[in-house]
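Input: a single structure, listed below in structure tokens.
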2 protein chains.
Amino acid sequence: MELDQRKLQILRAIVDEYILSASPVGSKALSQSGMKWSSATIRNEMADLETLGYLAQPHTSAGRIPSEKAYRLYVDQMMQRAHLSDEESKLLYGYFREHVHGVDAVLRETAKALSEITHYTALVMMPDIGVNRLRHLQLIPLTTGKALAVVVTDAGVSQNTVIDVPEDIGPEELDRISKAITARFHDCRMSTVSSKLVREFGGELSARADFVESLLARLCESQSRDRRMVELSGATNMLEYPEYSDVSKARTFLATVEQKDDMYRMLKKASSMEFTVTIGSENEQEGFQDCSVVTASYRVNGTPVGSFGVIGPTRMDYARVLSILKNVQTNLGTVLQSFLKEE
Amino acid sequence: MELDQRKLQILRAIVDEYILSASPVGSKALSQSGMKWSSATIRNEMADLETLGYLAQPHTSAGRIPSEKAYRLYVDQMMQRAHLSDEESKLLYGYFREHVHGVDAVLRETAKALSEITHYTALVMMPDIGVNRLRHLQLIPLTTGKALAVVVTDAGVSQNTVIDVPEDIGPEELDRISKAITARFHDCRMSTVSSKLVREFGGELSARADFVESLLARLCESQSRDRRMVELSGATNMLEYPEYSDVSKARTFLATVEQKDDMYRMLKKASSMEFTVTIGSENEQEGFQDCSVVTASYRVNGTPVGSFGVIGPTRMDYARVLSILKNVQTNLGTVLQSFLKEE
DNA sequence: TTTTAGCACTCCGTTTCTTCGAGTGCTAAT
DNA sequence: ATTAGCACTCGAAGAAACGGAGTGCTAAAA
């Protein structure tokens with residue numbers, strides 16, 4: 001089952017070539033472009049690689065294309081990290097210098113940067129507010145019976161939610177409750193700010209325990225409801241590739257990528273890993289069976305709070321994409337940190 | 001230049017048929033389906049209609065397709081408003097019953113409803129905050145030097161902006177300034193809350209005049225910057241139609257529709273009109289030369305604050321779309337009003 | 001004068017057939 | 001173990017043939 005040096009070399013050449021051209025690679029073409037063996041030898045090796053499951057033939061008299069197994073091997077062992085040109089890193093850096101109006105804006109900009117530079121489709125998950133610490137909560141009266149709850153965390157992320165308020169709580173009391181909650185739960189993780197803690201606490205809060213309880217429940221719930229938790233960019237980039245010259249394929253892809261719930265779940269799952277590469281049928285999503293997803297996580301104060309990634313055809317340029325993700329990860333870390341000068 | 005009754009009737013039949021089938025309509029097919037004239041007569045009339053510019057022929061031996069001029073006539077004079085089935089109005093009504101967590105959510109839901117029911121692409125403009133009246137402004141400290149400004153208007157719309165704060169203003173003072181501004185400018189139109197008014201006002205505000213001024217400037221500026229002002233839904237619906245079976249056409253369409261700035265401008269312009277129908281080349285956008293855009297405005301307290309619309313191929317079912325928009329306009333009006341019980 | 005039947009003609013979309021060439025597997029020579 | 005040579009395969013692309021829906025025009029019918 002071990003592949004000897006020559007097989008590896010040939011396989012790598014095939015993958016590299018196929019990533020570039022998207023058309024089956026033949027033995028002759030290979031031997032002419034810098035391979036030191038004759039086409040016949042390569043042909044024999046290709047036959048072997050096919051029986052081993054690394055290559056496939058669209059039809060009898062065509063060249064070979066890499067299988068998912070080949071891509072997996074390529075990603076895990078064979079590829080050498082691409083080197084971004086100075087120009088590219090500068091370009092990338094530029095995206096992060098421009099818009100610094102809050103975490104959300106930066107992440108949106110990140111998605112745009114990723115999709116524009118890779119020419120694939122980019123997804124960025126908004127940070128998971130649960131792991132962050134509460135810095136400020138403010139209730140703003142809207143109408144009788146309704147108020148806007150604004151939560152700000154130490155990561156500089158904010159979240160708005162409309163909540164119901166008992167009629168007998170006036171603006172002044174809302175303000176006092178805001179201050180009380182802020183004081184009590186300052187620097188607690190959002191996920192631990194549960195209703196249990198409320199009862200322990202005396203004063204104004206316990207008098208309004210029911211309200212505060214429902215308020216906190218509402219805050220947690222609203223996070224998962226909010227469909228804006230994923231920023232998508234460059235979905236139409238995929239239409240450039242011959243894989244999607246068929247409109248119906250393009251349609252299924254676009255439909256899948258717009259299922260923000262699924263995308264969020266996917267990224268969330270990936271956020272515990274520094275990097276992930278998911279190839280073709282390894283993907284859970286129906287619509288990504290012919291795609292690969294590459295993700296990277298980002299952290300704030302050392303805690304991973306989210307992830308971002310790129311989706312492309314299985315023959316995507318993994319080396320390049322990974323380099324770009326790594327670069328973005330660094331940039332993003334720096335920028336997000338800059339929102340936290342106080343720490 | 002006047003079209004007699006028969007010409008009108010024939011033209012209408014052609015438009016109706018072409019909207020359904022998307023393929024050129026021939027004289028024979030027409031005369032067989034309920035027309036009381038022979039194919040020859042119809043043929044002559046069609047030739048006339050062509051010289052008058054209402055019809056076009058893709059090639060010599062094909063049927064006729066309506067020109068933009070024909071659609072214009074159709075929309076302005078000939079079409080009869082479609083009647084939504086009870087089922088459909090109920091379905092539509094359902095969208096508005098479900099999500100009532102704030103104005104933004106409702107409008108997002110509106111976009112989804114529109115695209116799903118029409119099978120075209122829907123756009124909804126978030127309400128223009130400028131014409132609304134300030135109800136509450138709250139500054140929330142983020143880090144030293146930065147704060148989050150949350151603006152709430154009488155329409156229940158909120159807007160978050162990260163602003164810079166001089167280092168010597170502490171959390172308590174931010175709170176006091178918030179209250180002072182809220183008190184001073186309560187019920188003023190956002191667009192009139194300009195820096196000029198600030199100077200007139202004494203007390204805490206004038207002491208921090210520079211800060212308040214820059215704050216207000218920042219708020220105005222940020223509205224136009226914010227790219228989330230347009231909610232898009234069902235962009236991929238267009239790929240269902242034969243007009244977009246060509247991937248490159250699909251690409252240009254999708255690219256255009258994702259230019260949120262342009263879309264916002266388009267809707268903004270349309271928001272002063274109850275309804276608009278823009279056919280083919282009447283559109284300013286490059287990518288909409290083969291599309292039609294139908295919009296309706298929505299109002300809060302009688303003031304038009306935004307608009308929403310549907311984009312489809314020029315042969316879209318105008319009658320149906322207009323009925324749906326009218327229905328949605330009513331529903332939306334009711335729901336938005338319900339956020340304003342106080343008035 | 002208006003409408004309609006009839007007819008020759010056009011031209012697109014489809015299908016069928018042919019050709020071309022890149023690629024293969026196998027065998028025999030190196 | 002490697003490679004040159006050869007017969008074979010099969011899809012992609014082009015060419016030719018066909019069918020049919022539709023037209024414009026003319027002449028007869030209303």
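Every chain is numbered from 1 and lettered A, B, ... according to where its sequence line falls, protein lines coming before strand lines. These values consider heavy atoms only, across backbone and side chains, with no hydrogens, waters or symmetry-generated copies.
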Report task. Could you check how far CG of A/L49 sits from P of C/dG25, rounded to whole Å? Result -> 12 Å
Requested in this report: Please tell me which of the listed nucleotides, D/dT23, D/dG24, D/dT3, lies nearest to the side chain of B/M46?
Outcome: D/dT23
Report summary line: Sorted by position of nearest nucleotide on DNA chain C, 5' first, the leading residue of B/K36 and A/R64 is B/K36
Query raised in the report: Do B/S27 and B/S39 have side-chain N/O donor and acceptor atoms under 3.5 Å apart?
Result: no
Report task. Consider only side-chain N and O atoms of B/S292 and B/T314, and report whether a donor and an acceptor are under 3.5 Å apart. Result -> no
**Report entry** Nearest-angstrom distance from the residue atom OH of A/Y18 to C1' of C/dG23
**Finding:** 16 Å
**Report entry** Integer-rounded Å distance: C/dT2 C1' and B/K7 NZ
**Finding:** 12 Å
Report task. Send over the distance from B/R43 CZ to D/dC25 P, rounded to a whole Å. Result -> 11 Å
**Report entry** Any A/S27 side-chain nitrogen or oxygen under 4.0 Å from OP1 or OP2 of C/dT24
**Finding:** yes
Query - No-hydrogen, no-angle side-chain donor-acceptor test under 3.5 Å, A/S307 and A/S297 - result: no
Report task. Please state whether the base of C/dT10 and the side chain of B/S61 form at least one donor-acceptor pair under 3.5 Å? Result -> yes
**Report entry** Which nucleotide in D/dC10, D/dT3, D/dG24 has an atom nearest any side-chain atom of A/T60
**Finding:** D/dC10
Report summary line: Taken to the nearest whole Å, CG/B/D48 to P/D/dC25 is 12 Å
Query - Between P of D/dA21 and NE2 of B/H59, the distance in whole Å - result: 13 Å
**Report entry** Atom pair distance, as rounded to whole Å: CD in B/E45 and P in D/dG24
**Finding:** 13 Å
Query raised in the report: Which one, D/dG22, D/dA4, D/dG24, comes nearest to the side chain of A/A40?
Result: D/dA4
Requested in this report: Say whether B/E68 and B/S281, considering side chains only, have a donor N or O and an acceptor N or O under 3.5 Å apart.
Outcome: yes
**Report entry** Any side-chain donor near an acceptor of the partner, B/D48 and B/Y54, under 3.5 Å
**Finding:** no
Requested in this report: Could you tell me the separation between the CD atom of B/Q57 and the P atom of C/dC11, rounded to a whole number of Å?
Outcome: 11 Å
